[in-house]
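The structure appears below as structure tokens.
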Amino acid sequence: MKTISCMNIGEDILYSYGGEIRQYKKGELIYREGDHALYYFQIVNGKVKLNNYDEEGKEFIHNIFGGKQSFGDSLLFLDKFYPTNAVCIGPSEIIRVPKEQFLKLIKTEPKFSLEMNACLSQRLYFKAIMLQSMASLNPASRLTGLLDYLKSYHDDSCGSCFQVELTRQQIANLVGLRVETVIRALKKMGKEGYITIENRKIIY
DNA sequence: CCATTAACACGGT
DNA sequence: ACCGTGTTAATGG
């Protein structure tokens with residue numbers, strides 16, 4: 001599979017179009033579900049999750065992004081409200097570019113427009129994969145769906161040396177299962193040889 | 001904070 | 001009646 005950097009416009013370019021960098025603390029909210037999209041966000045370093053909560057208060061994580069990735073981009077073209085919150089998982093530095101400036105940027109520099117198409121396509125593609133695996137009642141299918149997604153993202157081309165950086169709780173919230181179920185299923189998958197687990201790290 | 005385990009309730013097959 | 005998941009609680013890292 002092709003590796004896609006999934007976004008990463010040069011920082012200098014972002015700054016020249018009105019981008020500003022901001023520091024966020026762990027747990028800090030970048031935007032809230034229901035807000036209007038006003039900025040393009042690109043992570044310099046740190047980690048961000050997109051989430052929301054169901055009626056019972058159970059968290060569902062839609063995605064987790066790391067360095068050099070952008071998030072919330074689709075709303076820049078849509079004049080709708082954010083369907084999720086964006087929350088920093090750890091201390092992070094993020095560049096934000098005002099929406100209008102960003103639109104001007106990609107109009108002026110068509111190669112970024114193309115890259116953005118590739119990026120959004122990739123996210124759509126894996127949303128479909130995830131949706132399919134999430135429709136399964138079987139925890140193992142949901143987990144392999146997530147693992148495939150993460151692996152392709154993290155552009156590892158070696159056989160089975162991709163280390164999952166997520167906590168079990170985060171995994172559980174990404175696939176809609178309880179953490180205990182995730183632990184039980186992962187252990188079974190390890191025993192059956194689909195994954196390897198060494199000192200609590202998942203290798204796929 | 002996170003991971004693991006056990007005991008139990010409960011629903012589906 | 002069995003199996004797997006969620007719930008709760010205890011324990012260890």
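Protein chains get the first letters and strands the later ones, always in sequence-line order, with residue 1 at the start of each.
- Using a cut-off of 4.0 Å between Lys/Arg side-chain N and Asp/Glu carboxylate O, A/Arg22 and A/Glu93 are scored as not salt-bridged.
- The distance between atom CG of A/Leu186 and atom C1' of B/dA3, rounded to the nearest whole Å, is 11 Å.
- For the pair A/Leu137 CG and B/dG11 P, the interatomic distance rounds to 16 Å; values are reported in whole Å.
- Residue A/Glu180 places its side chain closer to C/dT7 than to any other of C/dG6, C/dT7, B/dA3.
- Between B/dT4 and A/Arg168, a contact under 4.0 Å exists linking OP1 or OP2 to a side-chain N or O.
- An OP1 or OP2 oxygen of B/dT5 is reached within less than 4.0 angstrom by a side-chain nitrogen or oxygen of A/Lys187.
- Of the listed residues (A/Ile171, A/Asn173, A/Ile89), just one forms a side chain to side chain contact (heavy atoms under 4.5 Å, CB included) with A/Leu166, and that residue is A/Ile171.
- In this structure, A/Glu192 places its CD atom where more than 12 heavy-atom neighbours from other residues, nucleotides or ligands lie under 6.0 Å away.
- Between the side chain of A/Arg178 and the base of C/dG4, no donor-acceptor pair of N or O atoms lies under 3.5 Å.
- The closest side-chain heavy-atom distance from A/Phe41 to A/Phe65 is not below 4.5 Å.
- Between A/Asn138 atom CG and C/dT5 atom P the separation is 7 Å, expressed in whole Å.
- The existence of a salt bridge linking A/Glu59 and A/Lys49 is confirmed by a sub-4.0 Å separation between a basic side-chain nitrogen and an acidic carboxylate oxygen.
- Closest approach to the A/Arg200 side chain among B/dT5, C/dG6, C/dG13 is made by C/dG13 (side chain taken as heavy atoms from C-beta onward).
- Separating the NZ atom in A/Lys127 from the CG atom in A/Leu120 is a distance of 12.5 Å, to the nearest 0.5 Å.
- What separates NZ of A/Lys201 from C1' of C/dG13 is a distance of 13 Å, to the nearest Å.
- Distance, A/Asp54 CG to C/dG6 P: 13 Å, rounded to whole Å.
- Between the axis at the start and the axis at the end of the helix from B/dC1-C/dG13 to B/dT13-C/dA1 there is an angle of 10°, using five pairs per end and rounding to 10 degrees.
- Each of A/Arg184 and A/Lys26 lies near DNA chain B, and the nucleotide nearest A/Lys26 is the one positioned closer to the 5' end.
- In this structure, A/Ile171 places its CD1 atom 13 Å from P of B/dC2, rounding to the nearest Å.
- Distance CG (A/Leu177) to P (B/dT4): 15 Å, rounded to an integer number of Å.
- Rounded to an integer number of Å, the gap from NZ of A/Lys188 to C1' of B/dT4 is 18 Å.
- Residues satisfying the ring pair (Phe, Tyr, Trp, His ring centres under 6.0 Å) criterion with A/Tyr194, sequence neighbours excluded, are absent altogether.
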